[in-house]
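Written below as structure tokens is the structure these notes are about.
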Amino acid sequence: MHVLLIGSGGREHAIAAKLKTAPRLTRLTAAPGNAGIAALAEIAALDVTDHAAVVDFCRRESVDLVFVGPEAPLVAGIVDDLAAAGIRAFGPSRVAAQLEGSKGYTKDLCREAFIPTAAYGRFAEASAARAYVLEKGAPIVVKADGLAAGKGVVVADTVEEALAAVDACFEGAFGAAGAEVVVEELLVGEEASFFAIADGETVKPLTAAQDHKRVGDGDTGPNTGGMGAYSPAPIVDAAMAERIMAEIVRPTVTAMARRGTPFTGILFAGLMITAEGPKLIEYNTRFGDPETEVMLPRMTSDLLELALAAAEGRLRDVQVAFSDETALTVVMAAKGYPGAYDKGSAIEGIDAAEALGATVFHAGTALVDGRLVANGGRVLAVTAMGADVAEAQARAYAAVDAIRWPEGFCRRDIGWRAVGTRA
Ligand code: AMP
Ligand code: GLY
């Protein structure tokens, strides 16, 4: 079976590594890929925003399944365009990807299906949004409706800050993503990421992970795409997982089917575990990054068979299983990230890190004249397994310390909520 994997991050490196273990895989191609993925897959010179070119490639190269990693191609409708050409793809349709592409869409679905989430208002112009902020008071959360690469959310401690965030959105700070704004209640609790796989009708739980979104130790500084993660998440025990499925995930999949826009693919629920129970913060309609780098190393089922079963509507018949071990990943980023950073600095010591038993997933790397160099903000995800978070953390940081990259940095406290200390 020939699989085309779309994407270029640590998530896609982890997906590629997992797909490589699938007995039915005969050929793996990635576009655009990165230096780590290139060791596992052929790299196709394909512009993935050109859906006709992707369709042509799939026909020419007899691709049996397209596995879409990131959200942008999903929201742009790549799965619909592939399906129209008779090519099987794993991921939601353009409309179903609105669960990630529009926060207002998801909030309205929650209201329709009685899914617990923060109370909210949805606004297409500034004056009504400002009036809502003034009525509700602070703290309050202001969100650009569309995809804003994780930057469209302001958790405002004061009314002034919230009003400024509303104005920034409508003045174009997030481009088209800010043409609508969601203003919502602040949820208090511990965050967790929960993942499920759906075939339009059946939805099965995968596992949970804990991300670390802030750039600095102790969860300080600006938000990032994620500086590290571990899985499983102790806060999501079996009882909590069942509540999340019963109160949030299954009602979502049922409501999407009822609307005539069934959801197929990975449903990634960003949750706040509050005193009243789990509440939905937001959905993503694909695997998380760096969550995938800790979930897939624990997955004992065949990811290719799962993706095929989901794409073909036969998820009911397949089993999903994970090992009980903990995986923990530390993201190494270029100095300056999530602000401006330089590309091109040399990275050494990956082999030494892997000799310690860790797996180094490439997030933003390139090979230049045979040398590995940084080619993005988040550059590596250094993952280790252990019997618990403390053991996985110690092993991951031992591997991090074997990597020589002076222009990079990482948080030293990934896993702190579970372990209580820095490494
Ligand atoms: P999002 O892009 O929607 O995941 O939001 C980014 C981050 O903002 C989340 O991971 C939370 O830490 C925080 N956040 C978003 N919405 C809320 C909310 N209603 N209450 C508390 N924190 C929130
Ligand atoms: N780590 C968060 C995300 O993938 O969106």
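In each ligand, atom 1 is the first atom listed, and ligand 1 is the first ligand listed. Because only heavy atoms are used, hydrogens play no part in the values below, and waters and symmetry mates are left out as well, while side chains stay in.
Between the side chains of D145 and S102, at least one donor N or O lies within less than 3.5 Å of an accepting N or O. Checked by atom type, the side-chain pair E125/S127 shows a donor-acceptor distance below 3.5 Å. Inspection of the S231 and R298 side chains reveals an N or O donor paired with an N or O acceptor under 3.5 Å. Defined by atom type and a distance below 3.5 Å, a donor-acceptor pair is missing between the side-chain atoms of Y230 and T326.
Side-chain atoms of Y283 and L267, non-hydrogen and from C-beta on, do get closer than 4.5 Å to each other. At a threshold of 4.5 Å between non-hydrogen side-chain atoms, the residues D64 and V3 do not count as touching. Residues P232 and Q210 are not in side-chain contact: their nearest non-hydrogen atoms beyond the backbone lie 4.5 Å or more apart.
Between E185 and ligand 1, an N or O atom pair is found at a separation short of 3.5 Å.
Ligand-side atoms of ligand 1 in range of E191: 9 (C), 10 (O), 11 (C), 12 (O), range being under 4.0 angstrom from any heavy atom. Short contacts between ligand 1 and E184, defined as distances under 4.0 Å to a heavy atom of the residue, involve ligand atoms 16 (N), 17 (C), 18 (C), 19 (N). Each of the following atoms of ligand 1 lies closer than 4.0 Å to a heavy atom of M272: 21 (C), 22 (N). Below 4.0 Å from some heavy atom of K143 lie the following atoms of ligand 1, by number and element: 3 (O), 15 (C), 16 (N). Per-residue contacts place K103 under 4.0 angstrom from the following atoms of ligand 1 (heavy atoms of the residue considered): 2 (O), 3 (O). Each of the atoms 10 (O) of ligand 1 lies under 4.0 Å from some heavy atom of K213.
From I37, atom CD1 reaches atom CD of E42 across 13.5 Å, with rounding to the nearest 0.5 Å.
Both the backbone and the side chain of L186 come within 4.0 Å of ligand 1, counting heavy atoms alone. Under 4.0 angstrom from ligand 1, the non-hydrogen atoms of I281 all belong to its side chain.
Comparing heavy-atom distances from atom 5 (O) of ligand 1 across V182, V153, D211, T106 singles out V153 as nearest.
Contact residues for ligand 2 (protein heavy atom closer than 4.0 angstrom to any ligand atom): D211, G225, F268, N284, R286, G288, D289, P290, E291.
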Working for side-chain hydrogen bond (donor to acceptor under 3.5 Å, both in side chains), residues K107 and T117: CA-CA 8 Å; K107 299 298 285 191; T117 188; 2.8 Å; yes
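Of the charged side-chain nitrogens involved, at least one lies within less than 4.0 Å of a carboxylate oxygen, so that R417 and D219 count as a salt-bridged pair. Ion pairing of K335 with E407 is absent here, as no side-chain N (NZ or NE/NH1/NH2) approaches a carboxylate O to less than 4.0 Å.
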